[in-house]
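A short worksheet on the structure shown next.
Note that ligands are numbered from 1 as they come in the structure, with each ligand's atoms numbered from 1 the same way. If you read the sequence from its start, that first residue is 1, and numbering goes on from there.
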Amino acid sequence: MVETRVLIGEQKVMEKVAELAGTLKEEYRDKHPLVIGILKGSFVFMADLIRMMGIPVEIEFVGLSSYGKGATESAGKVKVVQGLKTPVKGRHVLVIEDIVDTGLTIRFLLDNLKKKKPASLKLCALLDKPSRRKIDVPIDYLGFSIPNVFVVGYGIDWDERFRYLRDVCFVEV
Ligand code: XMP
Ligand code: MG
């Protein structure tokens, strides 16, 4: 049996998402941004965020994978599982990530997107595990810095489990 425990409760999560959305609303009000979610973990965060932003946005998803099924350690190699279909050139791009861990996944995506010449390129992440960082990535809009625990819930899974939890929780592995 895998036990989960609350790390950040639903109410705190929602307050933080509202705060981020308020900032993003001002930043992107007249820019019709292309908001790119990294599948699958960011989908709940992104759904709440764009509704709280309450301004017109275009959404897209990319599937990237650096963890093997069941593993909790980054393989160190990023694979594109699902590519972008929308042109990025000249767009204001906002990337939405669930967790920045080693930084390898997001660095790979940001480097790729930069080559496509967006008008601007920013990163919004719900969670950051700074103690695990291997490669420097600036997080423009951050929810919470957390210790090195394996988190689940609010869209984030452990081997496809626990995405439905309303709190950000952690598992003992
Ligand atoms: P890197 O190491 O490339 O990894 O920054 C980022 C990706 O790894 C996943 N990740 C986690 N997934 N619980 C998860 O379910 C975690 O605690 C965790 N830490 C990292 C995440 O998908 C992120 O996109
Ligand atoms: Mg992810």
Q: Check the pair S42, E97 against side-chain hydrogen bond (donor to acceptor under 3.5 Å, both in side chains), reporting the backbone distance first and the verdict last.
A: CA-CA 5 Å; S42 69; E97 175 63 307; 5.3 Å; no

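- Classified by interplanar angle (parallel below 30°, tilted 30° to 60°, perpendicular above 60°), the ring pair Y154/F45 is tilted.
- Within the structure, the closest approach of V149 to ligand 1 falls below 4.0 Å when heavy atoms are considered.
- Look at G103 and you'll find a heavy atom under 4.0 Å from some atom of ligand 1.
- Taking every non-hydrogen atom of T105 and a distance limit under 4.0 Å, the qualifying atoms of ligand 1 come out as 1 (P), 3 (O), 4 (O), 6 (C).
- Counting atoms of ligand 1 from 1 in the listed order, those under 4.0 Å from a heavy atom of L104 are 3 (O), 5 (O).
- Across all their heavy atoms, R107 and D136 have their closest contact at NH2-O, 3.1 Å.
- The two residues Y28 and V93 make their nearest non-hydrogen contact at OH-O, 4.2 Å.
- Heavy-atom distances between V152 and ligand 1 stay at or above 4.0 Å for every pair.
- Between I106 and ligand 1 there is no heavy-atom distance shorter than 4.0 Å.
- L127 is not listed as a side-chain neighbour of V100, based on a closest heavy-atom distance of 4.5 Å or more.
- In this structure, R133 has no heavy atom closer than 4.0 Å to ligand 1.
- Listed by atom number, the atoms of ligand 1 under 4.0 Å from T102 heavy atoms are 1 (P), 2 (O), 3 (O), 5 (O).
- Not one N or O of W158 is nearer than 3.5 Å to an N or O of ligand 1, by distance alone.
- Contacts of R132 with ligand 1, taken as heavy-atom pairs under 4.0 Å, are absent altogether.
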Q.
Evaluate D128 against R133 for salt bridge (charged side-chain N to carboxylate O under 4.0 Å, His left out), listing each step before the verdict.
A. CA-CA 9 Å; D128 181 22; R133 195 73 89 255; 2.7 Å; yes

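- Here is the list of ligand 1 atoms found below 4.0 Å of a heavy atom in I156: 13 (N), 14 (C), 15 (O).
- Partner C124 forms a side chain to side chain contact (heavy atoms under 4.5 Å, CB included) with one of V95, L94, D140 and no other, that one being L94.
- Counting the atoms of ligand 1 from 1 in the order shown, those under 4.0 Å from a heavy atom of K129 are 16 (C), 17 (O), 18 (C), 19 (N).
- Residue-ligand proximity: I38 is placed with every non-hydrogen atom at 4.0 Å or more from ligand 1.
- Figure legend: K16 and F144 shown as a cation-pi pair, the cationic atom lying under 6.0 angstrom from the six-membered ring centre and within 45 degrees of its axis.
- If you look at E97 next to ligand 1, the close heavy atoms, those under 4.0 Å, all belong to the side chain.
- Applying the 4.0 Å criterion to heavy atoms of D157 picks out, from ligand 1, the atoms 14 (C), 15 (O).
- Using cut-offs of 30° and 60° for the angle between ring planes, the F162 and Y164 rings count as tilted.
- Using a 4.0 Å cut-off between charged side-chain N and carboxylate O, K115 and D111 make no salt bridge.
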